[in-house]
Amino acid sequence: MKPFTYSAPASVAEAAERLAAPGARAMGGGTDLLPQLQRGIRRAGEVVDLRGAVPAGILAAGQGVRIGAATRVADVARDPDMAARFAVLAQAAGAVASPQLREMGTVAGNLCQAVRCWYYRHPDLTCWLRGGDTCYAQVGDHRKHGLEPGDCISVAPSDLAAALLALRAVVTTNRRESFPLADLYRKATAGDRSTIALDDGELVTAVTVPEPPDASAYMRAGERAAWSFALCGVAAARFGGEVRLAAIGVSNLPRLLDPADPLAGLPGLEMTGWKRRLLETLTQDALAAVG
Amino acid sequence: MQLRLTINDQRHELEVEPHRPLADVIRTDAALTGTKVACGEGTCGSCTVLVDGRAVLSCLTLAVACDGADVRTVEGEDELLGRLQAAFTAEDAFQCGFCTPGQLLSAVALLRANPRPSSAEIRAGMSGNLCRCGAYPAIERAVARAAGEAR
Amino acid sequence: MARLVKTQVEMEGRYEERWTLVEEDVTPEYADGEELAVVGHPHTRVSAAARVTGGARFISDIDLPGMVHAAVLRSPHANARVASLDRAAAAALPGVRAVIGPGDVPERDGRPVLTDAPAYAGGAVAAVAADTPDQAERALEALAPGWEPLAFVVDLDEGLARQEFTEDPEETSRGDVDAALAGAAAVIEAEYRTPTQIQTPLEPHCAVAAWDAGGLTVWSSTQGIFAARDELARAFGLEPDDVRVVCEYMGGGFGGKQGCGPEGYMAAELARRAGRPVRLVYTRRDEHTTAGYRAPTVQTYRIGADADGKLVGVEGSAVIGVGVHGWVFPVLNPAEALYECAHVRSMVLPVKLNLGFSNAFRAPGVMEGTFGFEQALDELAEELGIDPLEIRLRNPAAIEQASGKPYTSKHLEACQRRVAELAGWKERDALRSDGRVRRGMGLASQIWWGGGGPPAHATVRLGKTARPTLVCGFQDIGTGTMTASAVVVAEALGVPVGHVRVQAGDTARSGYGPTSGGSMTLASVAPAVRTAAHDVRTQLLDLAADMFEIAASDLVLADGHVSSRDGTLRHEITEITSKLGNSSLVGHGSRGPNPDGMRVNTFGCQAAQIAVDTLTGAVTVEKVWAVHDVGRIVNPMGAMSQVTGGVLQAVGFALSEERVVDPTTGTVVNAGLEDYKVPTIADTPEIVCEFVDSPDPHLALGIKGLGEPPIIPTAAAIGNAFAHATGVRVRQAPFTPRRVLEALAG
């Protein structure tokens with residue numbers, strides 16, 4: 001790994017200031033940033049450790065809960081209230097990566113993690129999403145990629161994003177009081193290859209789920225029985241008569257699905273047609289689970 | 001940067017560059033080579049140690065981010081760890097033994113949180129530690145055995 | 001008296017005539033049906049304490065005074081020429097002790113270790129040694145190589161079409177296959193594809209090299225210390241014993257760490273130039289790009305039988321993606337040898353590709369060949385309406401099929417019957433359903449070699465405390481050879497296994513010991529160990545006989561005591577040994593040859609029960625039953641562990657492990673453990689394991705090997721179970737959700 005400086009600011013304001021500097025990188029648990037620095041696919045002038053700056057912990061917020069940005073994913077998974085009232089979130093948190101990575105990874109870090117695409121993470125290639133001019137996946141092996149054509153065919157990896165999207169979660173940053181989780185994400189463009197819609201110096205401080213659903217569930221398929229990023233994950237939450245469905249693993253960004261036509265806009269690519277079947281199955285399973 | 005670490009009850013004051021992983025500092029500066037690095041990128045669990053009670057991957061943890069932390073490795077003295085070591089031996093829960101230190105530390109964390117885990121809970125709790133020799137059935141038995149021998 | 005004889009020596013199915021030193025050996029075999037006190041009973045590992053406390057020093061843990069760290073420059077291109085390399089810039093950086101490039105390292109197997117024409121992504125071009133790993137990394141960057149990328153071929157079908165081979169395709173045949181198949185009642189044709197499987201030892205390939213006045217010492221994570229010693233001695237122009245190779249603890253090999261890998265050559269050359277010890281540890285990425293693999297295959301079979309299911313003709317061809325080079329392993333051996341058939345033709349086509357070299361991975365060739373052939377046989381059984389177990393029982397090979405020689409022992413049919421009984425084979429159709437989750441059961445059989453053989457030497461010494469020390473030239477790569485050897489010593493000397501100290505893994509302190517490979521280690525070593533221990537036993541009993549004034553033949557050694565057969569006399573062994581003072585009883589043993597004119601093979605059969613979620617494509621292996629015929633079992637606990645390990649690696653092969661190479665850049669895209677999926681504990685089936693445990697009457701101690709057999713039939717059994725469960729045959733491993741959903745969609 002290339003040398004960098006390290007800071008552990010004690011306040012959001014100080015963290016924001018440090019993150020505004022060129023080359024500064026936000027670090028939560030480090031589970032996404034450090035492998036990228038090790039592979040040399042990202043560079044850091046300074047690593048800004050946010051764990052002392054942003055809140056950690058799960059607090060009641062009216063009917064709902066407010067989850068501090070630095071809350072460990074494992075703490076979400078094992079919180080009894082979460083399991084009882086926000087099952088989809090507890091299940092999604094419990095499915096993230098491996099036990100150790102859940103102990104390390106933070107909620108905000110999980111939501112903001114980079115895609116797992118094996119070309120994006122290839123140390124010897126610079127793909128379109130990393131600022132190059134080729135989406136190697138489209139011309140190469142994209143068996144695990146998305147169902148949606150585009151400049152980049154990598155898929156959203158965050159299990160928590162699917163669950164929180166289904167739960168109508170809102171995000172709080174140091175600059176904005178609250179906005180829907182979907183707005184945390186943006187499609188990368190030729191001019192800006194980032195998929196996270198945060199300004200320089202802006203950092204997530206909390207995620208709030210306004211109210212518990214009447215029922216919720218997370219359905220997920222990986223490549224083995226444990227410790228696998230999702231091939232596809234579908235979160236469902238029923239609020240009265242309305243069911244919200246959200247999926248990861250099928251398109252660039254976490255995606256709200258139309259329960260009546262979950263495959264809409266997801267035609268599949270040469271090597272990913274099989275994922276349509278998987279998405280259909282997981283959607284039906286999730287819908288069945290929430291009644 | 002200046003770094004204060006307590007490793008297995010022993011205090012260390014170290015001068016460490018910010019980019020160095022905790023695994024490297026444990027193995028090199030503290031000369032505790034029981035902690036293994038097999039992948040170096042957070043995928044295999046061999047480098048698992050306890051940091052303030054949490055089982056984490058020391059290859060993906062910056063040492064400087066652990067200032068003031070309490071670190072436990074396979075070399076530590078601990079009743080539960082000792083019970084697990086005996087159970088791993090009795091059940092033949094390793095072959096080459098390279099992944100074993102990480103397996104043991106994950107098992108310590110698992111049994112601290114859940115002293116009587118079911119088979120499914122053991123399999124879930126130990127799923128972040130790869131064993132290529134394939135000692136998994138014995139590892140499951142060993143963790144269950146250690147749990148059953150709790151006083 | 002020792003003499004030299006010519007005898008046939010086998011390694012992984014390759015036979016050669018070799019001069020062998022044969023020493024007079026008066027050690028009697030264990031008596032037929034004799035109940036042994038130690039051998040055959042379960043024992044925990046003698047090295048357990050070191051391995052569970054972190055005290056075991058693995059090769060990547062070796063830290064020597066003044067040691068510096070190596071890093072290797074590797075090509076990012078699938079084929080390239082190196083136009084420029086700024087060695088001076090690298091050498092000028094702080095902390096850099098040595099820089100080596102193309103031509104600087106002695107050749108390995110006639111090939112350059114560092115090259116300016118790397119023919120695959122990951123090929124080594126240069127290496128550096130510096131005071132810290134960071135400084136070594138900086139030095140690699142300073143080399144600033146200028147690459148000239150060249151055309152490449154990484155796809156197996158494309159490689160075959162291009163007809164470029166690593167060695168000439170070879171056809172072998174017996175009988176008249178075409179005529180036989182023309183007269184068959186049923187003939188099936190099928191193509192099977194197997195993936196590139198990476199050995200994935202958790203300790204990467206690594207070596208620490210140090211030179212001193214006495215020569216070169218290399219601590220190597222190797223499966224063969226003596227093979228490594230001889231290689232290094234040849235390469236660096238030294239006497240064999242000027243090179244010392246040490247491997248006390250290493251983190252797994254599975255076939256991929258035979259002899260001295262390129263890492264040892266590079267470390268030795270860097271250490272020579274740096275004048276300091278050098279440590280070189282491969283990265284995980286290196287393990288997936290340049291450390292070897294089980295080569296991918298395309299197997300095509302044409303198999304015919306008469307109406308009773310008797311095989312009349314077998315034709316097979318195997319296209320093997322060898323990479324830039326590699327051994328060609330016997331993929332078609334199962335087709336040639338597992339069952340009796342007079343008319344067999346096989347064709348092997350080793351295709352050259354711009355990918356790293358392939359090498360041995362546990363049952364190389366045979367495991368992937370069994371995946372194809374044992375499923376093709378099920379297809380034939382189905383065509384004939386014969387039960388898959390039944391068709392196997394109807395085609396037993398009474399003699400070794402290629403050579404026509406008799407087996408030293410063979411209990412395959414007993415394994416098949418026992419597996420069927422354990423698994424409830426007759427009722428297997430009750431597992432099936434029309435629901436979303438389909439269950440099924442399949443089985444497959446296995447043949448491998450594993451007789452072991454000479455040379456192997458052992459020394460046992462017993463001193464005043466009656467705690468014997470065994471010195472032997474093997475290395476324990478996790479297979480339990482240390483423990484099994486201690487068991488053999490304990491049996492002979494009547495002491496607890498825990499009292500036996502085993503010193504192995506160091507060429508400087510023992511005579512030759514074999515490579516851990518081909519399922520031959522214990523079968524090679526144990527007879528030498530027993531002879532050495534028996535030698536000490538004889539001396540001890542002579543001393544006791546003298547001391548207690550009784551005939552040595554009336555004494556027995558057991559439970560730490562020397563006793564008379566009539567029970568009137570019983571003394572602790574230490575009563576004798578305590579009088580030895582600074583003397584020791586020293587015994588020596590060496591391995592004699594196996595009987596000429598016979599073939600030594602191991603056999604086994606496994607059944608697998610699986611569940612297929614037809615809507616997600618998820619396959620779960622629920623249970624595996626394994627029964628193997630590997631002669632006498634020395635330590636059932638260690639033997640069971642070998643079986644579970646083999647089964648689990650095969651589960652990975654069947655369900656999730658597959659190296660993926662990008663067709664447009666020719667680079668491996670899943671070069672790490674996130675995307676290359678080995679099984680976790682959560683993927684582990686229940687494994688039921690039994691052994692025939694019948695000592696081979698023609699082999700010393702009755703022992704055959706066990707390393708490879710358990711990995712061989714599992715994947716084929718899973719494939720057959722899949723077809724039983726779903727009615728659909730997926731002829732390509734691994735059975736990923738994608739492949740399953742695509743197959744079920746028709």
Side-chain angles (χ1 to χ4, degrees), chain B residues 17 19-20 24 27-28 31-46 73-76 81-82 84-104 120 122-140 143, chain C residues 42 44-45 47-58 60-63 133-134 199-204 249-254 281 283-285 287 476-480 637-638 640-649 651-652 672-674 678-687:
Chain B
E17 291 169 288
H19 67 284
R20 289 183 61 208
D24 181 28
R27 286 173 52 80
T28 308
L32 294 170
T33 55
T35 301
K36 302 299 182 216
V37 176
C39 76
E41 49 187 18
T43 55
C44 75
S46 299
T73 73
V74 72
E75 291 95 344
L81 176 60
L84 280 159
Q85 287 165 330
F88 268 57
T89 300
E91 295 290 350
D92 208 33
F94 51 87
Q95 291 177 35
C96 78
F98 199 78
C99 73
T100 309
Q103 302 277 0
L104 286 164
I122 294 172
R123 288 159 73 98
M126 299 298 292
S127 63
N129 290 78
L130 302 180
C131 167
R132 186 51 156 175
C133 295
Y136 295 134
I139 290 170
E140 186 183 327
V143 174
Chain C
T44 60
R45 282 174 203 253
S47 59
R51 291 189 207 248
V52 298
T53 58
R57 215 159 55 135
F58 289 75
S60 48
D61 299 332
I62 304 282
D63 194 357
D134 277 345
Q199 292 91 346
T200 321
L202 280 185
E203 181 178 51
Y249 294 100
M250 60 87 85
F254 316 116
V281 183
T283 65
R284 186 50 53 184
R285 184 173 182 79
E287 290 296 313
D476 192 328
I477 66 170
T479 50
M637 183 175 252
M640 299 270 184
S641 291
Q642 280 289 295
V643 173
T644 59
V647 166
L648 279 161
Q649 288 169 358
V651 167
L673 293 169
E674 176 181 326
V678 303
T680 71
I681 192 170
D683 298 277
T684 305
E686 182 184 347
I687 300 169

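Computed over heavy atoms, backbone and side chain alike; hydrogens, waters and symmetry mates excluded. Each chain gets a letter, A, B and so on, in the order its sequence line appears, and its residues count up from 1.
Of the possible polar contacts, one joining the C/Arg284 side chain to the B/Ala38 backbone as a donor-acceptor pair under 3.5 Å is found. Using a distance-only test at 3.5 Å, with no hydrogens or angles considered, a donor-acceptor pair links the side chain of B/Gln85 to the main chain of C/Val52. A donor-acceptor pair is defined here as one N or O able to donate and one able to accept, closer than 3.5 Å; no such pair exists between the side chain of B/Arg132 and the backbone of C/Phe254. Checked by atom type and distance alone, the side chain of B/Tyr136 pairs as donor or acceptor with a backbone atom of C/Pro679 at under 3.5 Å. The main-chain N or O of C/Ser641 is found under 3.5 Å from a side-chain atom of B/Gln95 such that the two form a donor-acceptor pair.
When side chains are defined from C-beta on, C/Asp134 counts as touching B/Glu17, because their heavy atoms get closer than 4.5 Å. Using a 4.5 Å cut-off on side-chain heavy atoms (C-beta onward), C/Ser60 and B/Phe98 make contact. Looking only at side-chain heavy atoms (C-beta outward), B/Arg123 and C/Thr684 come within less than 4.5 Å of each other.
Of the listed residues (B/Ala90, B/Ala120, B/Ala93), the greatest number of heavy-atom pairs within a distance under 4.5 Å of chain C belongs to B/Ala90. Interface summary for chain C: among B/Glu41, B/Glu75, B/His19, B/Gln103, the most heavy-atom pairs under 4.5 angstrom belong to B/His19. Heavy-atom pairs under 4.5 Å with chain C peak, among B/Gly34, B/Pro101, B/Cys133, at B/Cys133. For the set B/Ser127, B/Gly40, B/Gly128, the count of heavy-atom pairs under 4.5 angstrom toward chain C peaks at B/Ser127. Chosen from C/Glu287, C/Arg57, C/Gln199, the residue pairing most often with chain B at heavy-atom distances under 4.5 Å is C/Gln199. Chain C forms more heavy-atom pairs under 4.5 Å with one residue of B/Ile122, B/Asp92, B/Val74 than with any other, namely B/Asp92.
Looking at C/Leu673, both its backbone and its side chain come within 4.5 Å of chain B, counting heavy atoms on both sides. Heavy atoms of B/Thr89 lying under 4.5 Å from chain C belong to its backbone as well as its side chain. With a 4.5 Å cut-off on non-hydrogen atoms, C/Ile687 touches chain B through its side chain but not through its backbone. At a 4.5 Å heavy-atom cutoff, the contact between B/Leu104 and chain C is made by side-chain atoms alone. For a residue to count as touching a neighbouring chain, one of its non-hydrogen atoms must lie under 4.5 Å from one of that chain's; by this rule C/Met640 does not touch chain B. Looking at C/Asp476, there are no atoms closer than 4.5 Å to chain B (heavy atoms on both sides), in backbone or side chain. Contacts of C/Thr479 with chain B are absent, with no heavy-atom separation under 4.5 Å from either backbone or side chain. Interface remark: C/Ala682 contributes backbone and side-chain atoms alike to the contact with chain B (heavy atom separation under 4.5 Å). With a 4.5 angstrom heavy-atom cutoff, C/Gln642 touches chain B via backbone and side-chain atoms both.
Taking CG of C/Asp63 as the start and OG1 of B/Thr28 as the end, the distance is 7.0 Å to the nearest 0.5 Å.
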Task: Steps toward side chain to side chain contact (heavy atoms under 4.5 Å, CB included) verdict (B/Phe88, C/Arg51) - done: CA-CA 10 Å; B/Phe88 268 57; C/Arg51 291 189 207 248; over 6 Å; no
Task: Working for side chain to side chain contact (heavy atoms under 4.5 Å, CB included), residues B/Ile139 and C/Ile681 - done: CA-CA 8 Å; B/Ile139 290 170; C/Ile681 192 170; 4.0 Å; yes
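Of all the heavy atoms in B/Cys99 and C/Leu202, the pair that sits closest is CB-CD1, 3.5 Å. Shown here for C/Asp61 and B/Arg27, the closest heavy-atom pair between the two residues is OD1-NH1, 2.7 Å. Contact record, C/Leu648 with B/Gly134: CD1-O, 3.3 Å, taken as the closest heavy-atom pair.
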